[in-house]
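Residue numbering restarts at 1 for every chain, and letters A, B, ... go by the order of the sequence lines.
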2 protein chains.
Amino acid sequence: MGTYKTEREFLQHYNIHDHELPLVSVDVAIFTLLEGRLQVLLVKRGDFPHKGRWSLPGGFVNQQQDQDLSATARRKLLEKTGVDTSHLEQIATVGNHKRDPRGWSVTVLYMALIPYSPAQAIAAPVSDARWWPLEEAAEQRLAFDHNELISMARERLRSKTGYTMLPAYIIDSPFSLTQLQQAFEELLGTEVEKKSFRRRVLAADILEEVGEGLAESGRGRRAALYRPKKGGEQHAFVRVFGGVEEV
Amino acid sequence: MGTYKTEREFLQHYNIHDHELPLVSVDVAIFTLLEGRLQVLLVKRGDFPHKGRWSLPGGFVNQQQDQDLSATARRKLLEKTGVDTSHLEQIATVGNHKRDPRGWSVTVLYMALIPYSPAQAIAAPVSDARWWPLEEAAEQRLAFDHNELISMARERLRSKTGYTMLPAYIIDSPFSLTQLQQAFEELLGTEVEKKSFRRRVLAADILEEVGEGLAESGRGRRAALYRPKKGGEQHAFVRVFGGVEEV
DNA sequence: GAAATAGTGTCTCTAAGACAATATAAT
DNA sequence: ATTATATTGTCTTAGAGACACTATTTC
């Protein structure tokens with residue numbers, strides 16, 4: 001480390017390769033709801049390390065293409081699903097010396113929520129990517145520490161479902177309150193009481209009614225259909241749904 | 001990228017310097033409570049870039065010394081305060097092409113809470129480190145994007161104060177309920193109602209009584225003193241204190 | 001009318017908000 | 001007694017839980 005007089009001079013002599021740098025990747029846990037069950041998108045690794053294993057979509061930051069970390073995450077989401085807009089959220093960063101055989105490695109984990117239909121069309125052609133029901137994904141030995149990464153994202157999803165409207169962003173709009181409640185229940189992992197649910201959601205004033213429709217079965221009374229109001233994603237309830245939260 | 005038959009062979013030929021890697025640093029927002037006000041520890045940068053500016057304690061991962069990211073954070077905490085144990089929590093990761101003039105850079109932000117007294121002794125000798133009241137820190141132009149990093153940590157601190165016992169870890173044990181309430185109020189930024197506060201904290205059964213003592217003024221009734229029970233840090237309340245939260 | 005689904009009424013229960021009242025200490 | 005601080009009593013209010021009830025649709 002030399003002694004330079006100005007920052008300009010310092011930067012001219014600065015060589016990034018003088019330091020040992022950890023690998024930096026971004027991984028994305030992309031969730032959707034298919035047939036009422038929570039699914040995660042996995043891709044089969046075509047290269048070493050862990051060639052042939054299933055893993056979260058992810059990769060290295062492209063310093064030319066990506067302005068920031070969320071751009072890397074968004075790029076991966078787009079490559080695998082063709083979907084851009086949706087809920088994208090940073091979950092955590094895991095870095096240690098043993099998670100990658102190539103050396104000290106850091107991965108920034110994101111979570112994306114998308115409704116099933118739009119993803120379907122584009123994800124299918126990519127033959128090495130498919131949706132897995134969460135339990136089946138967990139049973140496998142995934143690449144790197146991706147089992148743990150999925151658990152972390154799943155846990156955040158569960159916990160935020162307790163006090164936000166997150167599930168509204170994993171189903172297609174418009175939806176009936178019954179459909180929304182089913183999404184809440186699947187993401188929470190517990191049942192919620194119908195009246196409480198409706199009271200809470202409607203009182204929050206974050207949905208707007210957009211007509212009515214029939215249930216999938218084609219039977220029974222028509223349901224009012226809703227879509228989230230702009231900014232409703234930000235809404236947080238003061239009380240948590242379904243009992244005590246873990247931190 | 002060659003084609004290798006085995007992972008072993010792949011790893012033998014893998015050269016980390018074939019890729020352009022972002023810089024990876026860890027920064028720690030260390031908070032304490034001094035004279036009832038929230039303070040953050042800043043250090044004066046002795047090297048370029050941003051030489052002479054105040055910044056959060058932080059630095060690059062040391063691949064030999066640090067097993068994982070939290071070890072880097074803990075090492076920085078120890079270097080600057082001499083304190084090891086305490087609340088250490090990962091807040092977020094910021095990475096983009098413009099936050100560091102040396103190039104694409106990623107920093108993993110941690111937050112540490114420590115009671116004032118133990119830190120005092122060791123932080124003083126390090127002449128380039130001192131506690132700043134949060135407002136004064138915010139008024140300055142700090143190195144890199146550290147103003148924003150502090151805001152992020154501050155926001156998490158405020159929000160978790162609403163539903164956890166976090167403030168119990170920023171004051172010395174044992175404490176009276178009044179002292180604890182004052183810590184809550186400073187971290188929350190609003191006043192809380194005395195009876196509600198006591199009911200909530202005592203009902204949660206996460207404090208244990210350890211005798212009684214007088215207030216600092218030496219006047220008035222003796223207060224019962226408490227310290228957090230083991231694991232109390234994990235406790236989360238079902239309802240949020242002091243109104244609606246932002247997500 | 002029967003079955004299925006959507007939506008409401010209403011009582012209870014928990015915990016926070018408000019604020020007055022009581023208890024124990026130093027002076 | 002006065003002042004300062006700690007602690008409790010209790011009424012009100014917001015919102016979740018439980019569950020029975022009504023409404024609208026298809027068959």
What nitrogen or oxygen pairs link the protein and nucleotides 19-21 of chain D at under 3.5 Å?
unit_1	atom_1	unit_2	atom_2	d
D:dC19	N4	A:Glu193	OE2	3.4

Short N/O separations, protein against nucleotides 2-4 of chain D, under 3.5 angstrom:
unit_1	atom_1	unit_2	atom_2	d
D:dT3	O2	B:Arg219	NH2	3.3

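With sequence neighbours excluded, no residue satisfies salt bridge (Lys or Arg N to Asp or Glu O under 4.0 Å) with B:Glu148. Partners of B:Asp68 under the salt bridge (Lys or Arg N to Asp or Glu O under 4.0 Å) rule, at least two apart in sequence or in another chain, do not exist in this structure. Under the rule for a salt bridge (Lys or Arg N to Asp or Glu O under 4.0 Å), the partners of B:Glu135 that lie at least two apart in sequence or sit in another chain are B:Arg37. Applying the side-chain contact (heavy atoms from CB on, under 4.5 Å) rule to B:Asn147 yields the partners B:Leu142; only residues at least two apart in sequence or on another chain are considered. The salt bridge (Lys or Arg N to Asp or Glu O under 4.0 Å) test applied to A:Glu208 returns A:Arg227, not counting sequence neighbours.
Classification of A:Lys229 and A:Asp205 as a salt-bridged pair holds, one side-chain N sitting under 4.0 Å from a carboxylate O.
Atom CG of A:Leu113 and atom CD1 of A:Ile170 lie 5.0 Å apart (nearest 0.5 Å).
Between B:Gln181 atom CD and D:dT8 atom P the separation is 14 Å, expressed in whole Å. To the nearest angstrom, C1' of D:dT7 lies 12 Å from CD of B:Glu212. Rounded to a whole Å, the CZ atom of B:Phe237 is 20 Å from the P atom of D:dG15. Rounded to whole angstrom, the span from the CZ atom of A:Arg239 across to the P atom of D:dT13 amounts to 17 Å. Rounded to an integer number of Å, the gap from CZ of A:Phe197 to C1' of D:dG15 is 15 Å. Here the P atom of nucleotide D:dA6 and the CG atom of B:Leu202 are 14 Å apart, to the nearest Å. Here the P atom of nucleotide C:dT5 and the CZ atom of A:Arg198 are 14 Å apart, to the nearest Å.
Using a 4.0 Å heavy-atom distance criterion, B:Ala203 is classed as making no nucleic acid contact.
Checking the phosphate oxygens (OP1, OP2) of D:dA16, a side-chain nitrogen or oxygen of A:Arg200 falls inside 4.0 Å.
Here C:dG7 is the nucleotide among D:dA16, D:dA6, C:dG7 with the atom lying nearest to any side-chain atom of A:Ala224.
For residues 187-206 of chain A, the ring-ring contact (aromatic ring centres under 6.0 Å, His included) pairs, not counting sequence neighbours, are A:Phe184-A:Phe197. For residues 173-200 of chain A, there are no salt bridge (Lys or Arg N to Asp or Glu O under 4.0 Å) pairs, not counting sequence neighbours.
With the nearest nucleotide of DNA chain C identified for both A:Arg199 and A:Leu177, A:Leu177 has the one nearer the 5' end.
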